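Okay, so here's the structure we're looking at.
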Amino acid sequence: MSAIGSRLDQVTIAALAVFGRYGYQRTSMDLIAKAAGISRPALYQHFSGKDEIFRAAGERTADELISAAGTAAATDAPTAERLYRALAVKLDFAAGSLDPGFRGDLIAEASVRLPDLQASMKARHAAVIEKILGSAADIDLAEAAIPARDVAVVLLDALTGITQQDEPADELRRRLRQMVNLTVRGLRSRA
């Protein structure tokens, strides 16, 4: 990786931590520069402003989460476990990286400032979930009369709601596990 690529990674990683701790509105270029260990003028050599850094951090996060979801989906675990793991990567990021008081705010800011990125991430994540559902031998989507894509989108919408709650991470994971178990149970073949 080039020195510039390394510096950009350093800044986006630092920016994620700052946005997660302070939310979008309270995050400043000074805070990001300080967290990245660079001067404010050096930060402006790479990014024109906070919105551009927010996008770069969002793109990095989206790529990492979709990659992790794909890895989770590729295991030999039962369907419910594969779904849980593929969804939990987003929950674990939100619960582990974002201050509970700013989770909802950051999702709202991303909706306003990065709607294209949010839509792309949701579509990519839905494709991972759809692949799990399509390859599951223990459920019958034809019997349920619900397309796999629709199930994936509903699960992701519910996950967004769960991640916005100001609750401990273990409670959020418990709710996600319950949602996945209920979904799989509802989609199981009827004998």
Side-chain angles (χ1 to χ4, degrees), residues 1-73 85-131 149 152-153 155-167 169 172-173 176:
M1 179 180 288
S2 71
I4 291 175
S6 176
R7 172 72 52 100
L8 293 177
D9 272 353
Q10 175 185 349
V11 170
T12 55
I13 290 167
L16 278 170
V18 175
F19 285 124
R21 183 171 181 194
Y22 297 105
Y24 182 85
Q25 294 300 325
R26 291 180 45 208
T27 293
S28 67
M29 293 295 277
D30 286 330
L31 285 172
I32 294 170
K34 184 177 178 181
I38 62 174
S39 69
R40 189 170 179 205
L43 182 59
Y44 278 107
Q45 288 177 351
H46 300 290
F47 296 98
S48 63
K50 184 166 70 167
D51 280 350
E52 192 175 341
I53 296 172
F54 193 58
R55 175 169 290 282
E59 288 171 350
R60 178 187 180 88
T61 300
D63 289 345
E64 289 177 359
L65 292 179
I66 299 307
S67 176
T71 298
R85 290 178 189 172
L87 292 165
V89 296
K90 185 175 178 184
L91 176 66
D92 289 342
F93 165 76
S97 303
L98 308 177
D99 181 283
F102 294 114
R103 283 184 205 142
D105 291 341
L106 284 170
I107 291 169
E109 287 292 341
S111 294
V112 170
R113 297 177 188 286
L114 309 171
D116 58 320
L117 180 60
Q118 236 184 6
S120 169
M121 181 178 166
K122 184 175 183 177
R124 291 167 58 201
H125 204 171
V128 171
I129 303 304
E130 187 176 4
K131 185 175 180 180
R149 185 64 164 196
V153 169
L155 287 171
L156 288 170
D157 287 346
L159 174 61
T160 297
I162 291 170
T163 61
Q164 291 182 28
Q165 302 306 304
D166 188 5
E167 299 286 341
L172 300 178
R173 284 186 200 94
L176 175 60

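Residues take their numbers from the sequence shown, with the count starting at 1. Note that the coordinates shown come from a computational prediction; the quantities given were computed from them, not determined experimentally.
Residues that satisfy the salt bridge (Lys or Arg N to Asp or Glu O under 4.0 Å) test with D99, not counting sequence neighbours, are absent from this structure. For D92, the salt bridge (Lys or Arg N to Asp or Glu O under 4.0 Å) test picks out R173, with sequence neighbours left out. Listed by chain and residue number, D30, L31 satisfy the side-chain contact (heavy atoms from CB on, under 4.5 Å) test with S28 (two or more places apart in sequence, or in another chain). A68 meets the side-chain contact (heavy atoms from CB on, under 4.5 Å) test with V89; sequence neighbours excluded. Annotation: side-chain contact (heavy atoms from CB on, under 4.5 Å) contacts of T163 (sequence neighbours excluded): L91, A94, I107, L159. Residues that satisfy the side-chain contact (heavy atoms from CB on, under 4.5 Å) test with D116, not counting sequence neighbours, are R55. The side-chain hydrogen bond (donor to acceptor under 3.5 Å, both in side chains) check on E167 picks up nothing, with sequence neighbours excluded. Taking the side-chain hydrogen bond (donor to acceptor under 3.5 Å, both in side chains) definition, one finds that R149 meets it with E130, sequence neighbours left out. Residues satisfying the salt bridge (Lys or Arg N to Asp or Glu O under 4.0 Å) test with E52, not counting sequence neighbours, are none.
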Return all side-chain donor-acceptor pairs below 3.5 angstrom for residues 32-45, not counting sequence neighbours, or 'none' if the list is empty.
from, atom 1, to, atom 2, distance (Å)
S39, OG, A42, N, 3.1
R40, NH2, Y44, OH, 3.2

Per-pair distances, 0.1 Å, donor-acceptor, side chain in residues 16-25, under 3.5 Å, sequence neighbours excluded:
from, atom 1, to, atom 2, distance (Å)
Y24, OH, D51, OD1, 2.1
Q25, NE2, E109, OE2, 2.8

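Rounding to the nearest 0.5 Å gives a distance of 5.5 Å between CG of L156 and CD1 of I129. A distance of 9.0 Å separates NE2 of H46 from CD of Q10, quoted to the nearest 0.5 Å. Rounding to the nearest 0.5 Å gives a distance of 11.0 Å between OG of S97 and CD1 of I13. Atom OG1 in T61 sits 4.0 Å away from atom CZ in F93 (nearest 0.5 Å). The CZ atom of F54 sits 9.0 Å away from the OG1 atom of T27 when rounded to the nearest 0.5 Å. One distance of note links NZ of K122 with CD1 of I66; it measures 12.0 Å at 0.5 Å rounding.
The two atoms that bring R103 and A95 nearest to each other are NH2-CA, 3.7 Å, heavy atoms only. Between A86 and V128 the shortest heavy-atom distance is CB-CG1, 4.3 Å. In terms of heavy atoms, S111 sits closest to P115 at O-CB, 3.5 Å. Nearest heavy atom pair, residue R85 against residue A72, reads CB-CB, 3.5 Å.
Side chain of S67 to backbone of D63: no donor-acceptor contact under 3.5 angstrom is found. Judged purely by atom type and a 3.5 angstrom limit, T12 uses its side chain to pair as donor or acceptor with the backbone of D9. At distances below 3.5 Å, not a single donor-acceptor pair connects side-chain atoms of H125 with backbone N or O atoms of K90.
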Assess the residue pair R60 and E64 against the criterion (side chain to side chain contact (heavy atoms under 4.5 Å, CB included)); give the C-alpha distance rounded to whole Å, side-chain angles, the decisive distance to 0.1 Å, and a yes or no. CA-CA 6 Å; R60 178 187 180 88; E64 289 177 359; 3.2 Å; yes
